[in-house]
Undergrad: 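Can you read through this structure? Questions will come right after.
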Amino acid sequence: MPHTFKVFRGSPSGAIVESETTRPDLSAGQVLLRITHSGLCGTDAHMREKDMALGHEGVGVVVEVGAGVQSFKVGDRAGWGFEHDSCMHCEQCLSGRETFCPERQMYGVYDLDQGSLATHAIWNASYLFAIPDSLSSEDAAPLMCAGATVFSALHTHGVESGQRVGVVGIGGLGHLCILFAAKMGCEVVVFSGTHSKEAEARKLGAREFVAAKDIDAKAGQKFDIKPVNHLLVTTSAQPDWALYLHAMAPGGTIYPLGVSGGDLVIPYMPIIRKGLRIQGCLVAARNVHNKMLEFAAFHGIRPMIETFALDKAGVEEAFARLDKGSLKYKAVLVAKDEKDGKE
């Protein structure tokens, strides 16, 4: 029988719209979940003016499974992120790089009638991820996209224990960069505008902290630090690249993780002289996503979150806080039954 459930949609005016969506009975390989928690990501703000169901950092409880599903059973916890499906047979899919599949189905383009800001969702079991028992659902939700993206950048591109990892910006992505890189045994150097978040950054695992306000780049000053091997840029606005390129070790890699409009504009010669790489990063492939969850559970990774009710008022409040940049550091929407401690 068809399944009807509540979703929270964007709209051309940016207003949050509460509506219902109806999906047919489960097809083979599909899973019906009752959503208990949803993270709120910067990409959701970018999609808010589209007529679509919002949210892509979902965690829920399996209510029903379709034919052929063996990876989940009723009562299991599962989460999902930015990618919904892929062809499963192209070179990219067969080599574990399905995020680059030419037929990939991503948030904001496919399944516009359902998202994680909802009461329920129906997803392809192959793109659901089991939540480890030691990881709470509210901690798992922000890891479904933000955490997976950060971990993928660190895990996939050769970051090694003992290397120096720079993190530009302390926010939803940045604080997760610090947590993961520190637990990987890296020397984490945090770059921020001022010293206001220094104590917090060090508590998260930063070894060093640099405030850009202390540097007069126009006067030729540079960061007085030992160079970093990897630089994860999590700010939406592009930094003063000339300043940061001076802080890179030869052969180092720069990862622009924040989503920014316009072109990437960066000095040319320092990249050549130091043999630097600029590494594009997308969301994690499924194998890496599962490794991220195992790593987070084993090392006790706990994102810094603020919780809101998973209802229209709560969604509006969380978006307002995200727009103001006042969240510390990720919003998690929690279904009422979960807040009340009910099953």
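The analysis underlying the following values was restricted to heavy atoms, covering all of them including side chains, and did not include hydrogens, waters or symmetry mates. The first residue of the sequence shown is numbered 1, and numbering continues consecutively from there. Computed from a prediction, not measured in an experiment: that's the story for all the values here.
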Undergrad: Would you say that Leu135 contacts Leu293 through its side chain, given a criterion of any heavy-atom pair below 4.5 Å between the two side chains?
TA: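 Yes, their side chains come closer than 4.5 Å.
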
Undergrad: When you measure from the side chain of Arg104 to the backbone N and O of Thr99, does any donor-acceptor pair fall under 3.5 Å?
TA: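 Here the side-chain-to-backbone pair exists.
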
Undergrad: Could you check whether the rings of Phe295 and His299 sit parallel, tilted or perpendicular, using 30° and 60° as the cut-offs?
TA: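 Phe295 and His299: tilted rings.
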
Undergrad: In terms of side-chain geometry, is the basic nitrogen of Arg164 or Glu187 positioned less than 4.0 Å from the acidic oxygen of its partner?
TA: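 Counted as a salt bridge, because a side-chain N and a carboxylate O are separated by less than 4.0 Å.
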
Undergrad: Minimum heavy-atom separation for Ala125 to Val31, with atom names?
TA: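 In terms of heavy atoms, the two residues are closest at CB-CG2, 3.8 Å.
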
Undergrad: Below 6.0 angstrom between ring centroids: does that apply to Tyr127 and His84?
TA: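 Centroid separation for Tyr127 and His84: 6.0 Å or greater.
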
Undergrad: Using a 4.5 Å cut-off on heavy atoms from C-beta on, say whether the side chain of Ile278 contacts that of Ile271.
TA: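 Yes; the side chains approach each other to less than 4.5 Å.
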
Undergrad: Taking all non-hydrogen atoms of both residues into account, name the closest pair between Ile35 and Ala335 and its distance.
TA: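 So the two residues come closest at O-CB, 3.7 Å.
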
Undergrad: Is the shortest side-chain heavy-atom distance between Met52 and Tyr107 below 4.5 Å?
TA: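 The answer is yes, as the side chains (C-beta and beyond) meet within the 4.5 Å cut-off.
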
Undergrad: Is the backbone of Ile170 close enough, under 3.5 Å, to the side chain of Lys197 for a donor and an acceptor to pair up by distance?
TA: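 It does hold such a pair.
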
Undergrad: Answer yes or no: does atom NZ of Lys274 have more than 12 heavy-atom neighbours from other residues, nucleotides or ligands under 6.0 Å?
TA: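 Enclosed.
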
Undergrad: Is Gln114 reaching over with its side chain to a backbone N or O of Asp111, donor-acceptor style, under 3.5 angstrom?
TA: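 No; zero donor-acceptor contacts below 3.5 Å.
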
Undergrad: Any cation-pi pair here, Arg48 with Phe319, using under 6.0 Å and within 45°?
TA: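 Because its charged atom sits under 6.0 Å from the ring centre and within 45° of the axis, Arg48 does stack over Phe319.
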
Undergrad: Please walk me through it: do Leu257 and Cys177 pass side chain to side chain contact (heavy atoms under 4.5 Å, CB included)?
TA: CA-CA 10 Å; Leu257 297 180; Cys177 288; 4.1 Å; yes

Undergrad: Can you tell me how far the CG atom of Asp224 sits from the CD1 atom of Ile215, to the nearest 0.5 Å?
TA: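 Atom-to-atom, Asp224:CG and Ile215:CD1 are 7.5 Å apart.
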
Undergrad: I'd like to know whether Val190 forms a side chain to side chain contact (heavy atoms under 4.5 Å, CB included) with Val210, so could you lay out the CA-CA distance, the side-chain angles of the two residues, the decisive distance to 0.1 Å, and finally the verdict.
TA: CA-CA 6 Å; Val190 171; Val210 181; over 6 Å; no

Undergrad: Return yes if some donor-acceptor pair links the side-chain N/O of Arg202 with the main-chain N/O of Arg207 below 3.5 Å, else return no.
TA: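 Yes: the side chain of Arg202 pairs with the backbone of Arg207.
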
Undergrad: So, does Thr21 use its side chain to make a donor-acceptor pair with the main chain of Asp113 at under 3.5 Å?
TA: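 Yes.
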
Undergrad: For residues Ala318 and Leu327, report the shortest heavy-atom separation together with the two atoms involved.
TA: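 Scanning both residues, the minimum pair turns out to be O-CD1, 4.4 Å.
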
Undergrad: Heavy-atom distance under 4.5 Å between the side chains of Ile301 and Lys183, does that happen here?
TA: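 Sidechains of Lys183 and Ile301: in contact.
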
Undergrad: Do the two ring centres, one from Phe191 and one from Phe209, sit under 6.0 Å apart?
TA: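 No; Phe209 has its ring centre 6.0 Å or more from that of Phe191.
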
Undergrad: Between Thr194 and Ala211, is there a donor-acceptor pair closer than 3.5 Å when you use the side chain of the first and the backbone of the second?
TA: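 No, the answer is negative, given that no donor and acceptor are paired below the 3.5 Å cut-off.
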
Undergrad: Is there a donor in the side chain of Tyr255 and an acceptor in the side chain of His230, or the other way round, less than 3.5 Å apart?
TA: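 Yes.
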
Undergrad: Show your working on side chain to side chain contact (heavy atoms under 4.5 Å, CB included) between Val159 and Val165 and close with a plain yes or no.
TA: CA-CA 8 Å; Val159 177; Val165 173; 3.9 Å; yes

Undergrad: Please report the shortest heavy-atom distance between Val168 and Tyr244, naming the atom on each side.
TA: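 Closest heavy-atom pair between Val168 and Tyr244: CG2-CE2, 3.6 Å.
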
Undergrad: Is there a donor-acceptor pair under 3.5 Å between the side chain of Arg9 and the backbone N or O of Val17?
TA: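 Between the backbone of Val17 and the side chain of Arg9 there is no qualifying donor-acceptor contact (under 3.5 Å).
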
Undergrad: Mind checking whether Met292 and Leu143 have side chains closer than 4.5 Å, heavy atoms only?
TA: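 Heavy-atom side-chain distance check passes, below 4.5 Å.
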
Undergrad: So which atom in Glu57 and which in Ala146 form the shortest heavy-atom distance, rounded to 0.1 Å?
TA: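 It is OE2-N, 3.1 Å.
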
Undergrad: Given 3.5 Å as the limit, does a donor-acceptor pair link the side chain of Asn290 with the main chain of Asn287, or not?
TA: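 No, because the side chain of Asn290 does not come within donor-acceptor range (under 3.5 Å) of the backbone of Asn287.
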
Undergrad: Would you mind reporting whether Ser38 and Val332 have side-chain heavy atoms less than 4.5 Å apart?
TA: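 No, their side chains stay 4.5 Å or more apart.
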
Undergrad: Starting from the C-alpha separation in whole Å, work towards a yes-or-no answer on side chain to side chain contact (heavy atoms under 4.5 Å, CB included) for Met88 and Ser126.
TA: CA-CA 10 Å; Met88 300 293 195; Ser126 296; 3.7 Å; yes

Undergrad: Salt bridge between Glu98 and Arg286, side-chain N to carboxylate O under 4.0 Å?
TA: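 Looking at Arg286 together with Glu98, the answer is yes, because their closest N to O distance falls below 4.0 Å.
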
Undergrad: Counting N and O atoms only, with roles assigned by atom type, does the side chain of Ser152 sit under 3.5 Å from a partner on the main chain of Ala148, one being a donor and the other an acceptor?
TA: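 No; zero donor-acceptor contacts below 3.5 Å.
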
Undergrad: Can any side-chain N or O of Gln238 pair as donor or acceptor with the backbone N or O of Asp263 at less than 3.5 Å?
TA: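 Yes; at least one donor-acceptor contact below 3.5 Å.
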
Undergrad: Measure the shortest side-chain to side-chain distance between Glu208 and Ile225 over non-hydrogen atoms and say whether it is less than 4.5 angstrom.
TA: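 Answer yes - side chains close enough.
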
Undergrad: Would Leu173 and Leu231 show up in the same hydrophobic cluster when neighbours are defined by side-chain heavy atoms closer than 4.5 Å?
TA: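 No, it is not one cluster - the side chains of Leu173 and Leu231 are not joined through contacts under 4.5 Å.
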
Undergrad: Using the benzene-type ring in the case of Trp, are the ring centres of Tyr329 and His175 under 6.0 Å apart?
TA: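 Yes, close enough.
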
Undergrad: Please check if Leu117 and Leu33 belong to a single hydrophobic cluster, counting links between Ile, Leu, Val, Met, Phe, Trp and Tyr side chain heavy atoms closer than 4.5 Å.
TA: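 Hydrophobic grouping puts Leu117 with Leu33.
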
Undergrad: Looking at every non-hydrogen atom in both residues, tell me the closest pair between Phe100 and Leu282 and how far apart they are.
TA: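 That would be CE2-CD2, 4.1 Å.
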
Undergrad: Could you tell me whether the side chains of Ser137 and Arg77 share a donor-acceptor contact shorter than 3.5 Å?
TA: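 Indeed, the side chains of Ser137 and Arg77 share at least one donor-acceptor pair under 3.5 Å.
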
Undergrad: Answer whether the closest heavy-atom distance between the side chains of Glu103 and Cys90 falls below 4.5 Å.
TA: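 Heavy-atom side-chain distance check fails, nothing below 4.5 Å.
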
